[in-house]
Amino acid sequence: MRIVAPIAVFVVGVLVAVTVLSAGTPGEVSTLLGRITSGASISIAVIVTVVLLTRRVDRRSLREIGMTPPSYVVRSVAIGAAVWALVAVPSFAIFALTGASIEITATSGEFWVILGLLIVAVLLTEAVPEELVFRGYVTRVLDERFRGWWVIIAQSALFATTAVLLHGAVPSIIDLSLYIGLGVGLGYIRLVTGSVWTTVGFHTAFQTVSQMLLTHDVVTFGGSQLQVMLATGAIPFGVGVILFSILASSHPRLFTPWRTNDAA
């Protein structure tokens, strides 16, 4: 099966990176630099694999896997991240009113260094390779046999299965729900916008803030882990998909140059 190749490249890359970086503390600069280096390798390997499969094996255009022209990449990534922030920031503000405030515990310099490195690390190790594989190539191949929501459900199942295998243990109900929710939410965003880079932006924003709050020492959140998951994941995904539907319908060419109202 063609979808096995890009998934295998991604899985092998992640396993190698995890082995190399297993001794580091998540918030250390050296660990983040290691993630960036390994992430660059993973992303390059995935991009090469996906492009070769699409152009040489399938004889298809890269637009069919959501790889929009360079002029739309930055715009789509920015819109994806902005929509996430538009919903997440008010969510955290509401939690802050109940006493669950966010406090920066590091110096200003340390905070911005860690945040900048973490954004790049998440982008290269997770967002770019995962989105190009699952919401990009896998989605296109599944579209040969299924349509609409069946494509989203199938790629979400593959995404969740891969995540479980990478963790090497039986996941909790919360973790499994997170994997499935990610697959469905990002899959829907990819469907309505036509751009895999939009999901890259949304994915990067979500994971950067989640990891900053849950695994790094530079920020302290006064609420529970459940509140973090709600404010960074459940609420932005739930409201975000609605916003993307509205944007894709009212401004179809906002994400890709070939979108029309009918296609959106």
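Note that the structure is predicted; figures quoted are calculated from it, not measured. Counting begins at 1 with the first residue of the sequence.
Within the 4.5 Å cutoff, no side-chain heavy atoms of I102 are placed close to those of T220. Side-chain contact between L123 and V200 is present, with at least one heavy-atom pair separated by less than 4.5 Å. Proximity of L191 to V151: side-chain heavy atoms (C-beta onward) are nowhere separated by under 4.5 Å. Taking the side chain as every heavy atom from C-beta outward, I114 and V29 approach each other to under 4.5 Å. Put simply, the side chain of R190 does not reach to within 4.5 Å of the side chain of F255, judged on heavy atoms. For the pair T208 and L115, the minimum side-chain heavy-atom distance is below 4.5 Å. Looking at heavy atoms from C-beta onward, V83 lies in side-chain contact with L247 at the 4.5 angstrom threshold.
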Verdict with supporting geometry, T232 and S210, side-chain hydrogen bond (donor to acceptor under 3.5 Å, both in side chains): CA-CA 6 Å; T232 60; S210 296; 3.1 Å; yes
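Inspection of the E126 and Q211 side chains reveals an N or O donor paired with an N or O acceptor under 3.5 Å.
Listed by chain and number, the hydrophobic cluster partners of V89 come to none, as no ILVMFWY side chain reaches under 4.5 Å of it. Applying the 4.5 Å side-chain rule to ILVMFWY residues, one finds V48, L52 in the same cluster as I44.
Applying the ring pair (Phe, Tyr, Trp, His ring centres under 6.0 Å) test to every pair with at least one member in residues 90-116, sequence neighbours left out, gives these pairs: F92-F221.
Of the inter-residue distances, the one linking L132 atom CG with I47 atom CD1 reads 5.5 Å to the nearest 0.5 angstrom.
Using a cut-off of 4.0 Å between Lys/Arg side-chain N and Asp/Glu carboxylate O, R35 and E28 are scored as not salt-bridged.
Listed by chain and residue number, nothing satisfies the ring-ring contact (aromatic ring centres under 6.0 Å, His included) test with Y72 (two or more places apart in sequence, or in another chain). Qualifying side chain to side chain donor-acceptor pair (under 3.5 Å) partners for E144, counting only residues two or more places apart in sequence or in other chains: R2, R140. Scanning for side chain to side chain donor-acceptor pair (under 3.5 Å) contacts around E131 gives R135, T199, H203, with sequence neighbours left out.
In the displayed structure, R56 atom CZ is contacted under 6.0 Å by at most 12 heavy atoms of other residues, nucleotides or ligands. In L97, the CG atom is crowded: over 12 heavy atoms of neighbouring residues, nucleotides or ligands sit closer than 6.0 Å.
Taking the six-membered ring for Trp and thresholds of 30 and 60 degrees, F202 and F237 have ring planes more than 60 degrees apart, a perpendicular arrangement.
In this structure, W149 has its ring center closer than 6.0 angstrom to the ring center of Y188.
Under a hydrophobic clustering in which Ile, Leu, Val, Met, Phe, Trp and Tyr are joined whenever their side-chain heavy atoms come within less than 4.5 Å, directly or via other members, M229 and I94 fall into different clusters.
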